[in-house]
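Take a look at the structure set out below.
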Amino acid sequence: MKKNMGSADRIIRFIVAAIIAVLYFTEIIGGTLGIVLLVLAGVFVLTSFVSFCPLYAPFGISTCAVKEAEQK
């Protein structure tokens, strides 16, 4: 898997996942919506750690910084 997520993207996903987890465990959100959001938060954390988003691949999206050597 080629990395397709930059640092800012990874940090934002991790922060969103943390917010969702706090909201779920403080019982501000719950029920089916809470479970769905908690699963989504887990996916965000996983993709942040591996720096690869499977939804970016089919569309050719990459938020990684391009190195100058690769541009030439």
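Of all the heavy atoms in V45 and A17, the pair that sits closest is CG2-CB, 3.5 Å. Across all non-hydrogen atoms, the minimal contact from N4 to C53 is OD1-N, 2.8 Å.
Criterion: ILVMFWY side-chain heavy atoms under 4.5 Å apart, direct or through other members. Under it, Y56 and F59 are part of a common hydrophobic cluster. Hydrophobic clustering places I19 together with F44 (ILVMFWY residues linked when any side-chain heavy atoms are closer than 4.5 Å, directly or through intermediates).
Atom CZ of F14 is surrounded by 12 or fewer heavy atoms from other residues, nucleotides or ligands within 6.0 Å.
The salt bridge (Lys or Arg N to Asp or Glu O under 4.0 Å) search around R13 returns D9, not counting sequence neighbours.
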Donor-acceptor contacts, no H, no angles, side chain residues 20-42, under 3.5 Å, sequence neighbours left out:
unit_1	atom_1	unit_2	atom_2	d
T26	OG1	V22	O	2.7
T26	OG1	L23	O	3.4

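Taking NZ of K3 as the start and OG1 of T63 as the end, the distance is 12.0 Å to the nearest 0.5 Å.
Here L46 is tied to no hydrophobic group at all, with no ILVMFWY side chain closer than 4.5 Å.
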